[in-house]
Novice: 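Before we start, here is the structure in question, set down as structure tokens.
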Amino acid sequence: MATSSVRMPSEFSNPNLEVLLSEQQLQTRIKELGAEITRDYAGLNPLLIGVLKGACFFLSDLLRAIDTRLSIEFMAISSYGSSTRTSGEVRIMKDLDVPIEGRHILVVEDIVDTGLTLSYLLANLKSRGAASVKLAALLDKHERREKDVKIDYLGFPIPDYFVVGYGLDFAERYRNLPFIAVLKNPETAS
Ligand code: 5GP
């Protein structure tokens, strides 16, 4: 590839980001969660459901830390609202490709904020006759909760900051950061 004399700005050391959870912290905690899930689901052949797009990164690292037979599926959900807040109106944009009756389901989500999206999704999955439905979430902004959601496997509780990275975006940007960061000034961020 030809080298250019123009230096492109680094996204990983963007001055508009303040690291909240380092790559090392994320990976260490995910390994612990994986070990816990391995123990709890041994022999149950769980179906892990990743919520697109944000949870892909967490799901992919978590999967490789779970040492028992399992399978995965994806769902896409759209919740309406501004770019940094959910309105509570939820719609399934991509549904499961398999029936889940009698299966042990573990939903894998990036962040629980108001809880509106997850409470809708968990109730929807329970109504399909799953044997059990549990939730693994990387981040929990508990202060913002409007609907009660039980997080069975939690990565980290965080304060009420708008965060990006490790799958979480702002206008589709920043998903590729290997860490979680606070966006200091969303006005200039997209
Ligand atoms: P809830 O329904 O719990 O309010 O919102 C869940 C969804 O809102 C998350 O899956 C995520 O897409 C988005 N969200 C909530 N808080 C944040 C945040 O701090 N950063 C980003 N990037 N998305 C967030």
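Please read all numbers here as calculations on a predicted model, not as lab measurements. When a ligand or atom number is given, it counts from 1 through the structure's own listing order. Computed from heavy atoms alone, side chains included, the values below leave out hydrogens, waters and symmetry copies.
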Novice: E143: what forms a salt bridge (charged side-chain N to carboxylate O under 4.0 Å, His left out) with it, not counting sequence neighbours?
Specialist: none

Novice: As a check for students: among R173, K141, R145, R175, identify the option with a heavy atom nearest to atom 16 (N) of ligand 1.
Specialist: K141

Novice: Go through ligand 1 atom by atom and flag the ones less than 4.0 Å from a non-hydrogen atom of E109.
Specialist: 10 (O)

Novice: Hey, is D110 touching ligand 1 through its side chain, its backbone, both or neither, going by heavy atoms under 4.0 Å?
Specialist: side chain

Novice: Give the numbers and elements of all ligand 1 atoms closer than 4.0 Å to a heavy atom of Y161.
Specialist: 19 (O)

Novice: For atom 2 (O) of ligand 1, which of the options T117, V163, L139, I158 provides the nearest non-hydrogen atom?
Specialist: T117

Novice: The criterion is side chain to side chain donor-acceptor pair (under 3.5 Å); which residues satisfy it with S22, sequence neighbours excluded?
Specialist: Q25

Novice: Does R29 come within less than 4.0 Å of E32, counting only side-chain N to carboxylate O?
Specialist: yes

Novice: So, is G115 polar-close to ligand 1, with some N/O to N/O distance under 3.5 Å?
Specialist: yes

Novice: State whether a side-chain donor-acceptor pair under 3.5 Å links N176 with Y166.
Specialist: no

Novice: Looking at NZ of K31 and CG of D61, how far apart are the two atoms once the value is rounded to the nearest 0.5 Å?
Specialist: 7.5 Å

Novice: Once you restrict to heavy atoms under 4.0 Å, what part of F170 touches ligand 1? Side chain, backbone, both or neither.
Specialist: neither

Novice: Report the part of R144 (side chain from C-beta onward, or backbone N, CA, C, O) that has a heavy atom under 4.0 Å from ligand 1; answer both or neither where that applies.
Specialist: neither

Novice: Heavy-atom contact under 4.0 Å between Y174 and ligand 1?
Specialist: no

Novice: Do the rings of Y153 and Y41 sit parallel, tilted or perpendicular, given the 30° and 60° boundaries?
Specialist: tilted

Novice: Among D169, L17, N16, which one satisfies side-chain contact (heavy atoms from CB on, under 4.5 Å) with V164?
Specialist: L17

Novice: I'd like to check whether L168 has a polar contact with ligand 1, where a contact means an N/O of the residue lying under 3.5 Å from an N/O of the ligand.
Specialist: no

